[in-house]
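Report on one structure; see the data block that follows.
FYI, the numbering just counts along the sequence from 1.
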Amino acid sequence: MSKVLELRSIAKSYNPGQPGEVRVLDACELSVDAGEIVALVAPSGAGKSTLLHIAGLLDTPDTGEVALNGQVMTGKGDAARTIARRREVGFVYQFHHLLPEFSATENIVLPQLANGIAATEAEARAAELLSTVGLTERAVHRPAQLSGGEQQRVAFCRALANSPHLLLADEPTGNLDPGTSETVFAALMQLVRETGMAALIATHNLELAKRMDRVVRLDGGRIAAA
Ligand code: ADP
């Protein structure tokens, strides 16, 4: 199996050396293979968002290395990291963060245009993704015209628009009622399985976590098997 994400001995503190120093990650090790869905479980404040931001090249560790598809990204310049993030990583958050003035299709097309894809190809990709999550009928609707579960399914499509190798999700169903959460979780699993990508999904929901391939805990700044 090829390793899509490798975190090697990551340490991260906020306000280092100052009175308000918070040590969040310490000797943190994790790797996720292509086709593998890993649940990241930890209490609030344990550092899940920090870990996901470092894994997705949105933040840098104090020490340690992040490798994407075997390429060490730590120490590379902002431009190289931005390009790698755009091509290799899809993000999903607890709240959809869709652009309110654009339709579902446009929200999925825009990140592809930013990645140099032609408009017709980007629109075809958006239609394909919307069909996979059962939202073909909602393609022209804006976020305010969609339900919470529909908004989040569009956000998944947007995250996968550029066919990333790695999906990072931070409580992707945390804002939904249990029934909707189930539908949305099933859609996410299907999308990830169909693409064969690697996924690291932070969740408080132990039932959902158990349905992933592997569950890891973030405890005292380190990753432990659950
Ligand atoms: P989680 O996602 O598990 O809730 P976070 O990664 O958001 O945890 O935060 C981990 C810890 O780091 C928390 O104690 C939080 O208060 C602290 N923290 C997060 N961001 C900052 C920051 N920018 N400055 C100082 N402390 C921070």
Side-chain angles (χ1 to χ4, degrees), residues 5 7 12 14 22 24-25 28 30 32 37-59 85-86 88-102 104 107-108 110-111 129-130 132-135 138 141-162 164 166-193 195 197-219 221 223 226:
L5 170 68
L7 301 179
K12 178 74 180 178
Y14 293 106
V22 186
V24 183
L25 303 175
C28 184
L30 177 66
V32 185
I37 304 178
V38 176
L40 175 65
V41 179
S44 183
K48 295 186 298 298
S49 303
T50 302
L51 185 148
L52 291 172
H53 286 163
I54 288 174
L57 310 178
L58 287 167
D59 200 355
R85 184 168 61 241
R86 218 180 258 159
E88 302 292 339
V89 187
F91 283 96
V92 178
Y93 298 95
Q94 184 173 353
F95 299 98
H96 58 81
H97 297 304
L98 296 170
L99 297 172
E101 65 276 41
F102 292 103
N107 267 282
I108 304 166
L110 286 169
L129 285 164
L130 285 170
T132 308
V133 298
L135 288 180
R138 294 284 177 274
H141 292 71
R142 286 195 300 281
Q145 299 170 311
L146 302 172
S147 72
E150 289 168 346
Q151 290 166 344
Q152 200 60 330
R153 280 185 276 160
V154 175
F156 295 163
C157 295
R158 178 187 52 185
L160 271 60
N162 285 319
L166 175 65
L167 179 77
L168 298 172
D170 199 350
E171 299 281 356
T173 62
N175 191 38
L176 304 171
D177 64 72
T180 308
S181 171
E182 175 59 38
T183 314
V184 166
F185 180 76
L188 180 61
M189 290 294 106
Q190 190 190 346
L191 281 173
V192 171
R193 292 277 182 230
T195 57
M197 69 200 309
L200 180 60
I201 302 177
T203 181
H204 279 120
N205 186 325
L206 293 179
E207 290 308 311
L208 293 186
K210 278 191 228 153
R211 287 157 58 187
M212 301 186 211
D213 299 330
R214 183 157 61 99
V215 183
V216 297
R217 255 176 332 117
L218 185 56
D219 191 5
I223 291 288

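When side chains are defined from C-beta on, Gln94 does not count as touching Asp170, because their heavy atoms never get closer than 4.5 Å. Residues Leu135 and Leu146 form no side-chain contact, since every pair of their non-hydrogen atoms from C-beta on lies 4.5 Å or further apart. Under the 4.5 Å side-chain criterion, counting only non-hydrogen atoms from C-beta, Leu167 is not in contact with Leu191. Taking 4.5 Å as the limit, every side-chain heavy atom of His96 sits out of range of all side-chain heavy atoms of Arg158. Side-chain contact between Thr203 and Glu171 is present, with at least one heavy-atom pair separated by less than 4.5 Å. For the pair Thr50 and Tyr14, the minimum side-chain heavy-atom distance is below 4.5 Å.
With rounding to the nearest 0.5 angstrom, the OG1 atom of Thr183 is 8.5 Å from the CG atom of Asp177. With rounding to the nearest 0.5 Å, the separation of CD in Gln151 from CG in Asn107 is 10.5 Å. Of the inter-residue distances, the one linking Leu99 atom CG with Arg142 atom CZ reads 12.5 Å to the nearest 0.5 angstrom. Distance check: Phe156 CZ to Met189 CE gives 8.5 Å after rounding to the nearest 0.5 Å. Thr195 OG1 to Leu129 CG: the interatomic distance, rounded to the nearest 0.5 Å, is 9.5 Å. A distance of 8.5 Å separates CG of Leu7 from CG of Leu25, quoted to the nearest 0.5 Å.
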| Given Leu160 and Thr132, is the side-chain contact (heavy atoms from CB on, under 4.5 Å) satisfied, shown in steps? | CA-CA 12 Å; Leu160 271 60; Thr132 308; over 6 Å; no
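Looking at every heavy atom in both residues, Gly56 comes nearest to Val89 through CA-CG1, 4.2 Å. Shortest non-hydrogen contact noted between Gly47 and Leu218 is C-CD2, 3.5 Å. Contact detail for Ser181 and Leu176: the closest heavy-atom pair is N-CB, 4.0 Å. Taking each heavy atom of Ala159 and Pro164 in turn, the nearest pair found is O-CG, 3.4 Å. Across Asp59 and Lys12, no two heavy atoms sit closer than the pair OD1-NZ, 3.4 Å. Minimum interatomic distance between Leu98 and Pro143 (heavy atoms only, all atoms of both residues): CB-CG, 3.7 Å.
A distance-only check finds no donor-acceptor pair linking the side chain of Gln190 to the backbone of Val133 [under 3.5 Å]. Distance alone, capped at 3.5 Å, is enough to place a donor-acceptor pair between the Lys48 side chain and the Ala42 backbone. Under the 3.5 Å distance criterion, the side-chain polar atoms of Arg86 are left unmatched by any main-chain donor or acceptor of Asn162. Side-chain atoms of Glu182 never come within 3.5 Å of backbone atoms of Gly179 as a donor-acceptor pair (strictly under, hydrogens ignored). The closest donor-acceptor contact from the side chain of Gln152 to the backbone of Pro172 lies under 3.5 Å.
With Val41 as the fixed residue, the side-chain contact (heavy atoms from CB on, under 4.5 Å) test singles out one of Ile201, Leu208, Val215, Asn205: Val215. Shown are Asp213, Val38, Leu40; of these, the side-chain contact (heavy atoms from CB on, under 4.5 Å) with Val32 is made only by Val38.
In this view, Leu58 and His53, Arg85, Phe91, Tyr93 satisfy the side chain to side chain contact (heavy atoms under 4.5 Å, CB included) rule, not counting sequence neighbours.
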